[in-house]
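Model, not experiment: these values are computed from the prediction.
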Amino acid sequence: MLRAAAASGASAAGVAAAASSNTPDDPGAGSRRGPAHDAPRTFARDESAASARDSHDFDHTDNDADTDSAPTTRRDARERHAAESRGRGRKKSSATRGARSAAAAAAVGAGGTAAATGASSAARGGDDNGSAHDEKSTGHGPGRARRHSSRLGESFPSLVGWTSLSTLLPGVGLLHTRFRPAGLIVFGLFVLTLLVGLVYLLVKGPVRAVATIVASPSLLNFLAIAAVLVAVIWILVMVVSHLGLRRGHRYRPWQNKMAGVLVVSLALIIGIPLGVGSVFARVQSDTVASLFGDSTGKSHSAEELWADKPYINVFLMGRDNGDDREGTRPDTMLVASIDTKTGNAALISVPRNLAFPVFPEGSELEKAWPDGFRPSGDSSEDLINAVWQWGEQNPDKIGNPHGLEPGMWATMQAVEGSLGLKLDYWSSVDMAGFEDVVDAIGGVKIDVERPIPMGGGKSMSGVKNEVYGWVDPGPQTLKGKDALWYVRSREGSDNYDRMCRQQRMLKTTLEQIDPQEIATAYPKLANSATRNIATSIPQNEIPAFIELAMMMQKGDVTTVQINNDVTPTYDPDYDVLHKWILGEVKGASDGEETPKPTNDGSKSQESEDSTDSTEDSTEDTATDEPADSADGSTDEAGAEADATEAATPGEPNAEGKCYPKGFKPGDDFPGYPGPNGGTGEQG
C-alpha cells in the first residue's frame, strides 16, 4: 500500500513539475536540477511528461500561428482568443490535477516523507524506493555495511564459546577479532611449546624427563618464574579476546553479568594451576639445594650411572634426639641392598645389640680397634649403637669423617665392616621427620597384630618409663604418632620383634605411597625433610634414584634379619656373617627363597641385651611348652609351629605379622586396657 501511494505521489509531482516548466523561469534554473532529474523514468513520470508536452506543443503552435499570421478581422480575433482561453484552461486543469495527486500522496505516505521531499522522492524510482525500505528494516544508514547481528543478545553463545576456547587454546579467540596477527603469533608459540615438550618426553622418557627437571634447582627456579609470566600473558590474551569478540554487538544486562563471571572464572582456571606450580617449583628448588649434596657431574639415568654396579648399598638410620637422650643415638639401622637392573632389594636390619662390631680393613678405626669395638670388654655395653657416642667423644681417633659428624662416620664404618658390604650412600631420618612422612601420605593402612604400648622401657639412667597410651590391634590406618610407636616400642618386646615391625612398616609404606597425596602435602613434607632428613645423594644422581624407586615398587623386597640363628649377637663370628649376608643379597636379587641359617639357634634368646629380664625369659619358656590335646596326646603340629617361631626370631609369620617370643595371636597383653582405652590416633 505504501509503495502504491508513493507511486501516485510521484506521478502528481511529475505533472506539477511539467506544468511549472512552461512559466517563465530563471535562466540558470536548468543548471540547478536536483537528483530527481537523473533518476530512471517511471510510468507515472512519463505520463506527466506527456501531458506537459502536449500543453507545451499547443502553446508553441499558437505562438507560431500568431507569428505567421496576425488576425485581420474581428472574427479571426475572437477565434484566436477562444483558442488561447481553451489552452489556458487545459493548462490550469492539468496543474490542478497534479496538485491534488501530490496532496493525496502526502496524506497516505510513510511518515510524511514523500510530501516533504516532493518531486525528488518521486523521481528516485523503484530501485531507490526498495533501498529505502531495506534501510528502514535494518535500522542502519545507507552508508553502513550490515556486519553484525541486529538482535539484542543474539551473539552471546558465540561470545561464550570463543572466550572459553581461548582458555584452552590461547590466541584462538583473537583470530575472530581485529587482533588476528597477534592471535596467530600466540597460538603458534603455544603449539610450538607443546611440540617441544612432547619431543623432550619421547626422547628422554617420561620418568627420566620429570626426574631431570625436579632434580635441578636452577631449572626449577626458571620454571617458577616462567609459570607466573605465562599465567599473566594467558589471562591477558583471554581478556583481550573477550573484549574483541564483544565489539559491535549488544547484550542484555544479565548476559553482561554472566560474561563478567565467565571471564573471572576462566582467569582463575588459568592462574591457580600455574600459580600452584610456581610455588611447588620454588619449594622443590629449595629442598633439593638444602637436602641433597652438590652435583658431582652430569646427570645420568640409572642404567648409565650404575652400569658397572649390580648392587648399590644404602645405609638408612633412624635417629632419636629425644629429651631423655644425651646427644644422638641410632634408634634404627638398616641397609638396603638394591639390584640396579631389576629393583629387587634386600632390606637388612642391623641389631642394636650386635656386640664388638668390627671396622673396614685398613681404616683408622680398624687400627684403633683391631679386635672389634671393645671399650669396656662387656658384650652388653660394647654394642654397635654405642659407636656413635664414642665417635662424638673421640673425633681424633676416627680419621677423616669426609664432612660427616664424627658419630655418623664411626657408625657407618662399624656397619660396613660388620656386614661386609661397601656402603655407597647413606640417609638419616629423625623420628619427628618419620611422623611427617606418614602424615603426608595420609597414614599407613596396616593390620596391627597386637596391642602396642606407647612409652615404657627404660631411660638411659635405668628408670622405667610410664606407658601413657596404646595402639589398638586390628586393621586400621596409622597416623604419624601411632606409626612411630609401632616401629619403636620396646615394652613387652625384644629387639628382633622390633626390627620385624620396622621392616614391615617400611615395606607397607613403600607399597602404599600415592604420588597424588605426596604432591598435595609436598610443601609441608619438604619443609620437614630439610629439618629432619640428611643424605649423601648428590643432586645430579637424583634422577637415577627416582628411576630406581619406580623399579623397587614393581620389584620384590626381601626382609633379612640378623639374629642368633645366623651368628650369636653377643659374640659374633663376622666371617660367617659376611658370607651369609652375601648369600641373602644374591638370593633377594634373583628372587630366590631366602637361604636358611646354618648355625645353631639354641642360644637365640638366652643372651639378649640387659633390657630383657630373667623373669620374662622364664615366663616365655613356660608359655612355649606344648599344650595337651583333648585325648591327652601332645599337639605335635603346635609344637612344630612354636619351634619354627623360636628358631627364626624376628621373622614375620605366614600372614606377614610380627610377634615377640612366646606371644601368640589372641593372647592378652599385660597392662592393655582394651580397645579405645589408650590415647592413640589410629583410625
Side-chain angles (χ1 to χ4, degrees), residues 167-172 184-231 233-234 237 270 273-289 291-312 314 338-345 424-425 510 513-520 522 526 535-555:
T167 305
L168 181 63
L169 303 173
V172 170
L184 290 173
I185 295 174
V186 172
F187 183 68
L189 291 175
F190 176 74
V191 173
L192 180 62
T193 303
L194 290 182
L195 291 177
V196 170
L198 181 61
V199 171
Y200 180 77
L201 289 175
L202 292 176
V203 171
K204 284 205 164 190
V207 175
R208 186 179 176 189
V210 174
T212 302
I213 294 174
V214 301
S216 173
S218 57
L219 184 55
L220 288 168
N221 287 331
F222 169 78
L223 290 177
I225 298 174
V228 174
L229 293 177
V230 168
I233 295 174
W234 200 330
V237 168
I270 297 172
L274 290 174
V276 172
S278 176
V279 172
F280 273 48
R282 193 72 183 89
V283 170
Q284 174 68 7
S285 174
D286 294 340
T287 303
V288 171
L291 179 59
F292 295 92
D294 296 333
S295 295
T296 57
K298 186 180 178 181
S299 177
H300 296 283
S301 65
E303 183 179 0
E304 296 170 344
L305 182 62
W306 301 306
D308 57 345
K309 280 191 173 185
Y311 313 98
I312 60 168
V314 183
I338 310 170
D339 189 317
T340 58
K341 304 299 185 294
T342 64
N344 293 338
D424 301 296
Y425 306 91
L510 183 63
I513 286 179
D514 186 353
Q516 293 182 350
E517 293 178 347
I518 290 290
T520 302
Y522 185 73
T535 183
S536 64
I537 299 174
Q539 296 176 13
N540 60 299
E541 295 186 17
I542 296 176
F545 271 93
I546 293 178
E547 293 181 50
L548 190 61
M550 299 291 289
M551 288 191 290
M552 288 180 66
Q553 279 197 317
K554 299 178 181 178

Please find the pair of heavy atoms, one from [X] and one from [Y], that lie closest to each other, and give the distance.
| X | Y | value |
| --- | --- | --- |
| Ala526 | Val283 | CB-CG1, 3.7 Å |
| Ile546 | Val207 | CG2-CG1, 4.4 Å |
| His300 | Pro543 | O-CB, 4.4 Å |
| Leu274 | Ala227 | O-CB, 3.6 Å |
| Asn540 | Gly297 | CB-O, 3.3 Å |
| Ala215 | Ile542 | CB-CB, 3.6 Å |

task: Tell me, yes or no, whether the heavy-atom count around Glu303 atom CD, taken from other residues, nucleotides or ligands under 6.0 Å, exceeds 12.
output: no
message: Surrounding OH of Tyr200 (heavy atoms of other residues, nucleotides or ligands, distance under 6.0 Å), is the total greater than 12?
response: yes
message: Whether the side chain of Trp306 engages the backbone of Tyr311 through a donor-acceptor N/O pair (distance < 3.5 Å, no angle test) should be reported.
response: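 No.
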message: As a quick check of understanding, evaluate side-chain contact (heavy atoms from CB on, under 4.5 Å) for Asp424 and Val314, giving each step before the final call.
response: CA-CA 6 Å; Asp424 301 296; Val314 183; over 6 Å; no
To the nearest 0.5 Å, tell me how far [X] [atom1] sits from [Y] [atom2].
| X | Y | atom1 | atom2 | result |
| --- | --- | --- | --- | --- |
| Ile338 | Leu548 | CD1 | CG | 5.0 Å |
| Phe280 | Thr287 | CZ | OG1 | 11.0 Å |
| Thr342 | Met552 | OG1 | CE | 10.0 Å |
| Leu202 | Leu198 | CG | CG | 4.5 Å |
| Leu219 | Leu223 | CG | CG | 4.5 Å |
| Ile225 | Leu220 | CD1 | CG | 11.5 Å |

- prompt: Given the rule in the side-chain contact (heavy atoms from CB on, under 4.5 Å) test, do Thr535 and Tyr425 qualify, once you have shown the distances and angles that lead to the verdict?
  reply: CA-CA 8 Å; Thr535 183; Tyr425 306 91; 5.8 Å; no
Verdict with supporting geometry, Ile270 and Thr167, side-chain contact (heavy atoms from CB on, under 4.5 Å): CA-CA 7 Å; Ile270 297 172; Thr167 305; 3.6 Å; yes
task: Go through the steps to decide whether Ile312 and Phe545 satisfy the test side-chain contact (heavy atoms from CB on, under 4.5 Å), and finish with yes or no.
output: CA-CA 11 Å; Ile312 60 168; Phe545 271 93; 4.0 Å; yes
message: Strictly below 4.0 Å, N to O, side chains only: are Arg208 and Glu304 in salt-bridge contact?
response: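 Counted as a salt bridge, because a side-chain N and a carboxylate O are separated by less than 4.0 Å.
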- prompt: side-chain hydrogen bond (donor to acceptor under 3.5 Å, both in side chains) with Ser285: which residues, sequence neighbours excluded?
  reply: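 Applying side-chain hydrogen bond (donor to acceptor under 3.5 Å, both in side chains) to Ser285 gives Asn221.
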- request: For Lys341, enumerate each residue passing the salt bridge (charged side-chain N to carboxylate O under 4.0 Å, His left out) test, keeping only those at least two apart in sequence or located in another chain.
  value: none
